[in-house]
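All values derive from a computational prediction rather than experimental measurement.
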Amino acid sequence: MACSDGPTVGGGGSGGSSATGGSDEAVDSTAAGMDSTGAGDSETGGDAPPQSCIDPAGPWSQGYSIPRQEPLPGDPVIGLETLLTEDYVSCGIPWELFPIAQPLLGTFADGPSLGWREGKNALVPVGWNVLELQDGSELVAPNCFNCHSAEFNGELVLGLGRHDADFTSDLYSLMQLVPPLPAFTDAGEAFNKFIQRYAVAGPASIMLTTGTNPAIEFAFILLSHRDPYTLEWLDEPIQELPDDMMIPSDPPPWWHARKKASQFANGMSRGDHRGTMILASSLCTDTVAEAAVILDYFVDVVAYLESIEPPQYPYPIDAELATAGAEVFECHCEGCHGSYDANDEHEFYPNMLIPLDLIGTDPVFAAYGAGEFNYLEEWFESSFFGTVTELGVTEPFVGYVAPPLDSVWASAPYFHNASVPTLDLVLDSNARPTYWKRVDFDSTNYDWDALGWPYEELDHGQDQAGPLEPRNLIYDTTKPGHGNGGHDFGDVLTPQERAAVLEYLKTI
Ligand code: HEC
Ligand code: HEC
């Protein structure tokens, strides 16, 4: 069992707290000269006792285990109710206009509705809340499920990151096609605000590829238009952002929340995460008083997130192959991703931040946050949100967190930028396609062998797309922010070992 005592491996002790690190240098403060293929040196000897399996000098030894804070005392049932009824996003589209806006806004305003929601909420997609405003007018406002629920195998899964949303057009221009309300009402006013905010955030956050999400860019843009002390909206940004900013992201499944000490791919949100979570409402929240109310009731939202159970793999599993896979996993993966034996008291998740140079996946997100956009950290720390949540973009170095892998088969595509369509390819970096497109966006069309979305490999990228070929369906990994390299820890495995690990991943 010594093998499973892994939390000490590269554990929290190494926190050489590199003080406030407000410099570009921090990007380079990663472990020097580590050849990650060294991970393959450990033997996967069949009957060897597990003790010898995790190599203490494996790549995980360069990680930093982020400490986890005690959970907040919230109520998960109230949390879900809150997400589906409250006005934490307080601007949106008047009820009367919503049916007109829906077809114009595409995947932003489509999606299944939940019959068990009360009143008019049962009539709108799961990602929207119907709010009654003070003068009795009604507003339809986006909620967190707009990006944090998705269909898988034909079923809507709350908390699964949306993998089929199309953020490749300018929502602002599309909203302008919605006719203005004739009469002046609270809902009309909230609509004007919605449009005003999208005028700023929309054009600047257009994604290149369907299935990638602009949330990180959105946060950068919105914060640059707010006074950190009062949260007042500023028409002129306090920080100019580069025109070519491109940070495609992918919402991770919420069933990770119960294990994670940090949030976001780069592990930047530490401790109590409510401060970064309610950034999503920063679209319309213009005063500290409003933000404080939301913060209070988000105690329950956090409890809801932490209550979500990962789904069970729906088909038969080859137990023998999975057992063989568990051994391979233990030697090659556990040091970073943790151990998943529910019957084993040694089950652990190390919350391991891995230096950028070592993980080698696309650097843009982590490097932006730490480098030229580091003003965000200062903004955040001096703001109301920063009194609640600590932002550690460079703490103790810049990198990405090895996420929990519970039911990871359900959350394709993979990596923080959604650049890899199947789990099989996560484990074989040389086989990843440079240009690929999903065969369709039908969630029942899933590749149960490779574990991911069926895709077609292309011989050209977006710039070579034919005149009639939709560019936005091509995932072009040569574009900034879209790189699919790195994480080559599976490359040393034999095809049999890889198949065994995939089988094992179905069991956790
Ligand atoms: C526009 C789409 C969008 C909306 C709306 C949105 N999110 Fe997210 N969310 C994302 C994306 C994308 C990420 C992943 C960012 C990254 O790469 O780290 C994310 C990350 C998160 C995470 C961190 C998960 C983890 O494991 O690191 C939490 C928690 C979260 N969101 C909660 C919320 C809540 C609560 C709301 C509503 C108040 C919300 N989100 C609204 C897109 C969205
Ligand atoms: C040195 C630490 C480390 C090792 C070893 C490691 N991983 Fe990872 N893994 C990471 C990090 C960090 C990420 C996040 C990369 C990103 O999104 O840019 C990741 C991402 C993944 C993902 C994608 C998760 C998602 O939801 O997108 C899978 C699947 C995965 N790893 C499986 C494995 C398996 C299986 C092994 C063993 C063969 C392994 N990893 C070995 C650190 C590691």
[X] side chain vs [Y] backbone, donor-acceptor pair below 3.5 Å:
X	Y	result
N146	G127	yes
S149	G159	no
N351	A261	yes
N129	E86	yes
D166	T107	no
Y400	D362	yes
Q263	S269	no
S411	P253	no
R432	L425	yes
T209	T212	no

Can you name the ring-ring contact (aromatic ring centres under 6.0 Å, His included) partners of F145, sequence neighbours left out?
W254

Tell me which donor-acceptor pairs under 3.5 Å the side chains of residues 498-508 have, and how far apart each pair is, sequence neighbours excluded?
from: R498; atom 1: NE; to: L427; atom 2: O; distance (Å): 3.0
from: R498; atom 1: NH1; to: D428; atom 2: OD2; distance (Å): 3.4
from: R498; atom 1: NH2; to: G490; atom 2: O; distance (Å): 3.1
from: R498; atom 1: NH2; to: L493; atom 2: O; distance (Å): 3.0
from: E503; atom 1: OE1; to: K506; atom 2: NZ; distance (Å): 2.9
from: E503; atom 1: OE2; to: D318; atom 2: N; distance (Å): 2.8
from: T507; atom 1: OG1; to: Y504; atom 2: O; distance (Å): 2.6

Closest approach of [X] and [Y], non-hydrogen atoms and distance?
X	Y	result
G335	P350	O-CG, 3.8 Å
W128	N121	O-OD1, 4.1 Å
E217	M246	OE2-CA, 3.1 Å
G267	V401	CA-CG2, 3.6 Å
L84	R117	O-NH2, 2.8 Å
D459	Y435	C-CD1, 3.9 Å

Applying the side chain to side chain contact (heavy atoms under 4.5 Å, CB included) criterion to V301, which one of L80, L83, I78, L72 satisfies it?
L83

Taking atom [atom1] of [X] and atom [atom2] of [Y], what is their separation to the nearest 0.5 Å?
X	Y	atom1	atom2	value
H163	C147	NE2	SG	12.5 Å
L104	L174	CG	CG	7.0 Å
T361	L356	OG1	CG	6.5 Å
Y349	E347	OH	CD	12.5 Å
F167	S205	CZ	OG	8.5 Å
E151	F441	CD	CZ	13.5 Å

Any side-chain donor near an acceptor of the partner, S339 and D341, under 3.5 Å:
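Their side chains do not contain a donor-acceptor pair, so the 3.5 Å distance test is not met.
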
Establish, from distance only, whether the side-chain atoms of T82 and D300 form a donor-acceptor pair under 3.5 Å.
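There is no such pair (donor and acceptor under 3.5 Å, judged by atom type) between the side chains of T82 and D300.
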
State whether R68 and E306 are salt-bridged, where the test is any N-O pair (Lys NZ or Arg NE/NH1/NH2 against Asp/Glu carboxylate O) under 4.0 Å.
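Yes, this pair counts.
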
Taking only Lys NZ, Arg NE, NH1 and NH2, and the carboxylate oxygens of Asp or Glu, determine whether E309 and R258 approach each other closer than 4.0 Å.
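Counted as a salt bridge, because a side-chain N and a carboxylate O are separated by less than 4.0 Å.
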
Does the ring pair (Phe, Tyr, Trp, His ring centres under 6.0 Å) test come out yes or no for F218 and Y198, once each step is laid out?
CA-CA 10 Å; F218 238 78; Y198 267 94; 5.7 Å; yes

Should T389 and D272 be marked as a side chain to side chain donor-acceptor pair (under 3.5 Å) after you check the CA-CA gap, both sets of side-chain angles, and the distance that decides it?
CA-CA 5 Å; T389 300; D272 177 345; 4.7 Å; no

Taking atom CD of E457 as the centre, report whether more than 12 heavy atoms of other residues, nucleotides or ligands fall under 6.0 Å from it.
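Yes, the 6.0 Å shell around CD holds more than 12 heavy atoms from other groups.
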
Run the side-chain contact (heavy atoms from CB on, under 4.5 Å) check on F489 and C333 step by step: do they pass?
CA-CA 8 Å; F489 312 109; C333 322; over 6 Å; no

Could you label the plane-to-plane angle of the H337 and H487 rings as parallel, tilted or perpendicular, counting under 30° as parallel and over 60° as perpendicular?
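Tilted: the ring planes of H337 and H487 meet at 30° to 60°.
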
When the aromatic ring centroids of Y340 and F348 are compared, is their separation below 6.0 Å?
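When the ring centroids of Y340 and F348 are compared, they turn out to be at least 6.0 Å apart.
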
Show your reasoning for whether salt bridge (Lys or Arg N to Asp or Glu O under 4.0 Å) applies to D164 and R438.
CA-CA 10 Å; D164 57 357; R438 277 180 67 167; over 6 Å; no

Pick out which of W436, Y446, W409 makes a ring pair (Phe, Tyr, Trp, His ring centres under 6.0 Å) with W453.
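Among W436, Y446, W409, the one meeting ring pair (Phe, Tyr, Trp, His ring centres under 6.0 Å) with W453 is Y446.
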
Kindly determine whether Y88 and F298 satisfy ring pair (Phe, Tyr, Trp, His ring centres under 6.0 Å), including the steps that lead there.
CA-CA 9 Å; Y88 50 93; F298 260 55; 5.6 Å; yes

For R162 and D110, what are the C-alpha separation, side-chain angles and deciding distance, and is it a salt bridge (Lys or Arg N to Asp or Glu O under 4.0 Å)?
CA-CA 12 Å; R162 184 104 193 242; D110 74 357; 3.1 Å; yes

Could you give the side-chain donor-acceptor pairs of residues 467-480 under 3.5 Å, partners two or more places apart or in another chain?
from: E469; atom 1: OE1; to: H460; atom 2: NE2; distance (Å): 3.0
from: E469; atom 1: OE1; to: G466; atom 2: N; distance (Å): 3.0
from: E469; atom 1: OE2; to: H460; atom 2: NE2; distance (Å): 2.9
from: R471; atom 1: NH1; to: Q462; atom 2: O; distance (Å): 3.3
from: R471; atom 1: NH2; to: D463; atom 2: OD1; distance (Å): 3.4
from: N472; atom 1: ND2; to: T168; atom 2: OG1; distance (Å): 2.9
from: N472; atom 1: ND2; to: T210; atom 2: OG1; distance (Å): 3.4
from: Y475; atom 1: OH; to: N417; atom 2: O; distance (Å): 2.7
from: D476; atom 1: OD1; to: T478; atom 2: N; distance (Å): 2.9
from: D476; atom 1: OD1; to: T478; atom 2: OG1; distance (Å): 2.5
from: D476; atom 1: OD2; to: Q462; atom 2: N; distance (Å): 2.9
from: T477; atom 1: OG1; to: T434; atom 2: O; distance (Å): 2.8
from: K479; atom 1: NZ; to: D463; atom 2: OD1; distance (Å): 3.0
from: K479; atom 1: NZ; to: D463; atom 2: OD2; distance (Å): 2.9

